[in-house]
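Inspection log for the structure reproduced underneath, given as structure tokens.
All values reported here derive from a predicted model rather than from experimental measurement.
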Amino acid sequence: MTRDTLLRELRKLARKQGVRFDVEESRGKGSHYRVHYGDRFTTVKSGELKPGYVKLIRQQLGID
């Protein structure tokens, strides 16, 4: 899964649940993005994301 695919899925889920979703491209270092989901946030790297990393991101955002 790529970062863009993950962000698309999170944006769709946030819209469905009525939760705030923001992506700050300038807040992360290098090619990393800061992602806000409701009152939680995490940093997402670029490129191909392994399933374990995607699971970690979802847990950090309180999804699943």
Side-chain angles (χ1 to χ4, degrees):
M1 171 181 290
T2 64
R3 175 177 60 189
D4 292 335
T5 305
L6 175 63
L7 294 178
R8 230 182 345 262
E9 287 180 7
L10 293 175
R11 185 174 286 115
K12 185 178 178 180
L13 184 61
R15 191 176 302 130
K16 185 177 180 180
Q17 294 180 348
V19 177
R20 179 187 116 184
F21 180 78
D22 293 320
V23 177
E24 295 182 56
E25 297 177 12
S26 62
R27 292 286 300 197
K29 292 190 174 196
S31 61
H32 292 63
Y33 288 176
R34 168 136 330 152
V35 176
H36 293 267
Y37 187 89
D39 59 347
R40 295 180 171 210
F41 69 91
T42 190
T43 303
V44 180
K45 65 181 183 176
S46 66
E48 190 65 29
L49 308 178
K50 295 183 179 182
Y53 185 75
V54 172
K55 183 177 179 181
L56 175 69
I57 294 297
R58 294 173 69 88
Q59 286 176 348
Q60 289 174 346
L61 294 175
I63 304 167
D64 291 343

Let me confirm one number: the [atom1]-[atom2] distance from [X] to [Y], rounded to the nearest 0.5 Å.
X	Y	atom1	atom2	value
T42	L61	OG1	CG	6.0 Å
E48	Y53	CD	OH	12.5 Å
K50	L56	NZ	CG	13.5 Å

Taking the side chain as C-beta and beyond, is there a heavy-atom pair between V44 and L49 under 4.5 Å?
-> yes
Tabulate below the donor-acceptor pairs under 3.5 Å that side-chain atoms of residues 5-15 make, not counting sequence neighbours, or state none.
| from | atom 1 | to | atom 2 | distance (Å) |
| --- | --- | --- | --- | --- |
| T5 | OG1 | T2 | OG1 | 2.9 |

For residues 7-40, pull every pair meeting ring pair (Phe, Tyr, Trp, His ring centres under 6.0 Å), keeping only residues two or more places apart or in separate chains.
-> H36-F41
